[in-house]
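A quick write-up on the structure given underneath.
We use all heavy atoms of the structure for the numbers below, so side chains are in, but hydrogens, waters and symmetry mates are not.
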Amino acid sequence: MLPHAPLACLFLLLLSGVLGGLVLSICPTVCSCSRGHRVVDCSLRHLSQLPPGLQHNIRFLNLSHNSLCSLDDQLSHYAHLRTLDLSYNLLGRFPSGLPRALWDIRAAGNQLRALDKNDTAYHWNLRVLDLSANELERVVFINNTLPSLHTLNLSHNRFWTVPTNMPHNLEMVDLSHNFLVQILLGSLDRLPRLRRFYLHANRFSWVPEGVFDRLEGLEFLTLGDNPWACEEEENITRLLLWAKHTRAAVLGCPCYTRPTCGQAHLATPGGERHFTSHTEPPLGADAREMGRGGLTPDKAAVVTSRYLAKSALLEPGTHGDRGSANSSGDQTSFVFISTPLHGLSTRTSTTGDPHSAAKKPNTGSTQSRSHGLHTPILYSVVTWNLLVTVTAFKAF
């Protein structure tokens, strides 16, 4: 019997390997999985707790549009997770123990009231943080933390003061649709890379002189839909002079009839005015159907697949290209509008999806082709008229 022992051991090893592979490839029954079950979509499943059966090596997890109240320390062992969408749940606090390898955290449309310093202290790899449409009144960041964060969305919350100590490598900050009344002088001085800053739809009546002077990389600023104290000429004049001479494009000049000032007047081709958003909406939601239950599973699958097509999980170079507004390289134009906030389903988001707008047809190329087709016909008509004229002249 001893000579057969190695064969038996080999058989057991092979059997355990096969069974182990089957166990690792299990997808939770309430979710849909792809990419070797490492991309998991559990959105719109009426979940009140984390579904069992998730692989430990998942990289993309969509839990949006459910009824999750807490996920504290439930995701810490998913060390390979890069993108996590918790948007439109019932979270009352930012989950503790999230994997430190995360690149993208979306927690829009929950019930978060505060972000404490320890909530994000160890997320060295985090690049995108979306906390829009919550009830946040304060956020606390520790100096020199979140070194990789370049996009911070805090729109549609309850802030009264622009947060201080924001991560110094930020390139986009959205604080629109809050209750902001002040910016502390010097609180923006540590943001030399900030390119896009959204402050429209707040309660500013004035801002301190020189508050934007240290934003050396600023390219785009929105100030519209604020109750500026236009009668205070000294304060407003200083702000308008800065807005006029800044290299950035300022959308919504205070107390001014022109919609834009600064570097350039932005207008869409043909004189049409439209609003476009500037960061991605929640992974499981379409910007036009933000309310809970407003998306069908089919539409959610389409939206999720759209994000997968451009995520860093599948396209490692995507996050490295931060300078362009869209993948096609087209220059996008913006005109500010605002809408009342009646609920998630009617909110005009300022956090954009450059891929949500359909690309306009190239009318110039169509006209050139049409001109090319009509030219031979024109030549034929002219030639025929000349022949008829010469014949008639000879006959006369």
Side-chain angles (χ1 to χ4, degrees), residues 132 135-141 152-166 168 170-267 273 275 278 333-342 347-351:
S132 61
E135 300 175 13
L136 290 170
E137 297 180 355
R138 67 181 181 89
V139 293
V140 180
F141 298 107
L152 177 62
N153 184 0
L154 298 174
S155 65
H156 293 99
N157 278 286
R158 299 179 180 274
F159 293 104
W160 289 85
T161 302
V162 171
T164 58
N165 287 342
M166 287 189 286
H168 63 278
L170 281 170
E171 297 180 6
M172 195 289 295
V173 174
D174 191 343
L175 282 163
S176 64
H177 296 274
N178 277 280
F179 302 96
L180 296 174
V181 297
Q182 66 174 345
I183 306 176
L184 297 179
L185 189 62
S187 61
L188 304 178
D189 292 354
R190 297 179 63 255
L191 303 173
R193 299 187 180 183
L194 187 63
R195 296 189 298 111
R196 295 179 175 269
F197 197 17
Y198 302 97
L199 294 175
H200 60 273
N202 279 286
R203 296 184 178 180
F204 288 114
S205 60
W206 69 285
V207 294
E209 182 182 3
V211 71
F212 300 124
D213 288 353
R214 298 291 295 274
L215 298 178
E216 300 173 357
L218 191 63
E219 298 175 0
F220 191 80
L221 174 68
T222 63
L223 295 176
D225 200 8
N226 279 288
W228 300 105
C230 302
E231 68 279 3
E232 298 182 10
E233 295 183 6
E234 185 176 357
N235 291 332
I236 293 299
T237 299
R238 290 172 179 173
L239 180 57
L240 288 176
L241 284 175
W242 175 87
K244 180 179 180 180
H245 297 291
T246 181
R247 293 180 299 176
V250 181
L251 198 58
C253 298
C255 307
Y256 208 51
T257 56
R258 289 163 54 181
T260 63
C261 51
Q263 182 183 31
H265 297 280
L266 304 178
R273 294 190 174 188
F275 179 82
H278 309 284
S333 301
F334 312 100
V335 174
F336 169 77
I337 62 171
S338 63
T339 57
L341 179 61
H342 298 299
R347 179 176 292 110
T348 297
S349 175
T350 63
T351 60

Between [X] and [Y], is any pair of side-chain heavy atoms under 4.5 Å apart?
X: F204; Y: V162; value: yes
X: L154; Y: V173; value: no
X: L175; Y: L180; value: yes
X: R203; Y: W160; value: yes
X: F197; Y: L218; value: yes
X: M166; Y: L188; value: yes
X: L251; Y: Y198; value: no
X: L239; Y: C255; value: no

Going from [atom1] on [X] to [atom2] on [Y], what distance comes out if it is rounded to the nearest 0.5 angstrom?
X: L215; Y: R247; atom1: CG; atom2: CZ; result: 11.0 Å
X: L240; Y: N235; atom1: CG; atom2: CG; result: 11.0 Å
X: E171; Y: L191; atom1: CD; atom2: CG; result: 11.5 Å
X: L152; Y: M172; atom1: CG; atom2: CE; result: 7.0 Å
X: I183; Y: F212; atom1: CD1; atom2: CZ; result: 4.0 Å
X: R190; Y: R214; atom1: CZ; atom2: CZ; result: 11.5 Å

Atom CD of E231: over 12 foreign heavy atoms under 6.0 Å:
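Yes, CD of E231 has more than 12 neighbouring heavy atoms, counting only those of other groups under 6.0 Å.
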Count the heavy atoms of every other residue, nucleotide or ligand shown that sit under 6.0 Å from CD of E135, and state whether that count exceeds 12.
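Check passes, neighbour count above 12.
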Indicate yes or no for a side-chain donor-acceptor contact from [X] to the backbone of [Y] under 3.5 Å, with no hydrogens or angles considered.
X: N226; Y: N202; answer: yes
X: N178; Y: F159; answer: yes
X: S176; Y: L199; answer: no
X: D189; Y: S187; answer: no

As a quick check of understanding, evaluate salt bridge (charged side-chain N to carboxylate O under 4.0 Å, His left out) for R195 and E219, giving each step before the final call.
CA-CA 5 Å; R195 296 189 298 111; E219 298 175 0; 3.4 Å; yes
If the plane angle is over 60° it's perpendicular, under 30° parallel, otherwise tilted; pick one for H177 and H200.
perpendicular
Partners passing side-chain contact (heavy atoms from CB on, under 4.5 Å) against Q182 (at least two apart in sequence or in another chain)
T161, L184
Does R196 qualify as a cation-pi partner of F220, given the criterion of NZ or CZ under 6.0 Å from the six-membered ring centre and within 45 degrees of its axis?
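Yes, R196 lies over the aromatic ring of F220.
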Out of L223, T246, V250, which one pairs with C261 under the side-chain contact (heavy atoms from CB on, under 4.5 Å) rule?
V250
Of the non-hydrogen atoms in S132 and N157, which two are nearest, and what is the gap between them?
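Taking every non-hydrogen atom into account, CA-ND2, 3.9 Å.
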